Amino acid sequence: VDSSLAAKNAAREAEGKPRLKEYYRDYALLQEVTKAALRAACGGVTVAHTAEEISPFSVTSFYEAGLAVGAVIESDMVRFTSERECARER
């Protein structure tokens, strides 16, 4: 989470945007530790994202940190599908 936060802040600074708020670190850690603990305790976890596009600067985007350290795995993720996309698939 710390390296991801540093990269996100560097990207924001390059775009002339302010750094992410201090609470992002704690919230991202809580989010990823919770997913890892539930996966360990329950033998699996399903993470369902609720947006088609995840902002690279959102707390949700820190899911990549959990993937990087193996706290969750790609198959734990459920891709958001919009109504528009569902209609195209019909």
Side-chain angles (χ1 to χ4, degrees):
V1 168
D2 287 334
S3 61
S4 182
L5 184 59
K8 290 175 189 298
N9 279 327
R12 287 180 65 82
E13 288 174 2
E15 294 178 13
K17 295 178 180 177
R19 296 172 62 81
L20 295 172
K21 301 287 186 187
E22 293 291 321
Y23 65 80
Y24 267 64
R25 180 181 184 275
D26 292 341
Y27 190 65
L29 284 169
L30 176 61
Q31 175 178 263
E32 295 314 307
V33 166
T34 300
K35 287 187 272 188
L38 288 170
R39 188 170 196 271
C42 300
V45 67
T46 300
V47 179
H49 289 145
T50 58
E52 194 167 359
E53 292 184 33
I54 297 172
S55 165
F57 303 121
S58 68
V59 173
T60 299
S61 71
F62 283 88
Y63 80 92
E64 295 169 342
L67 286 171
V69 298
V72 291
I73 56 176
E74 192 70 37
S75 63
D76 292 338
M77 304 291 165
V78 175
R79 186 175 69 86
F80 176 84
T81 304
S82 67
E83 289 182 36
R84 180 175 16 115
E85 191 173 341
C86 287
R88 280 194 311 255
E89 292 176 0
R90 288 185 203 154

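Everything numeric in this text was worked out from a predicted model, so none of it was measured. Positions are given from 1, in the same order as the sequence printed here.
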> D26 side chain to Y23 main-chain N or O, any donor-acceptor pair under 3.5 Å?
Replying inline: no

>> Can you tell whether the side chains of R12 and E15 come within less than 4.0 Å, N to carboxylate O?
In response: no

> Just wondering, do L67 and M77 contact through their side chains at under 4.5 Å, heavy atoms?
Replying inline: yes

> Quick one: do L20 and I54 end up in the same hydrophobic cluster if we chain Ile, Leu, Val, Met, Phe, Trp and Tyr together by side-chain heavy atoms under 4.5 Å apart?
Replying inline: no

>> Restricting to non-hydrogen atoms, name the atom on A71 and the atom on A36 that form the minimum distance, rounded to 0.1 Å.
In response: CB-CB, 3.7 Å

> Are F57 and Y63 co-members of a hydrophobic cluster defined by side-chain heavy atoms under 4.5 Å apart?
Replying inline: no

>> A side-chain contact here means heavy atoms from C-beta on lying under 4.5 Å apart; do E13 and R19 qualify?
In response: yes

>> For residues V72 and L30: do they belong to one hydrophobic cluster (side chain heavy atoms under 4.5 Å, members Ile, Leu, Val, Met, Phe, Trp, Tyr)?
In response: no

> How close do K35 and V45 get, heavy atom to heavy atom, and via which atoms?
Replying inline: O-CG1, 4.0 Å

>> Please give me the minimum heavy-atom distance between P56 and K8, naming the atom from each residue.
In response: O-NZ, 2.7 Å

>> Working to the nearest 0.5 angstrom, can you tell me the gap between E32 CD and E64 CD?
In response: 10.0 Å

>> Using only atom types and a distance under 3.5 Å, with no angle test, would you say the side chain of Q31 pairs donor to acceptor with the backbone of F62?
In response: no

> T46 and V78: which non-hydrogen atoms are nearest, and at how many Å?
Replying inline: CG2-CG2, 3.3 Å

> How far apart are the closest heavy atoms of R25 and L5, and which atoms are they?
Replying inline: CB-CD2, 3.7 Å

> Closest heavy-atom contact between S58 and Y24?
Replying inline: C-CE2, 4.1 Å

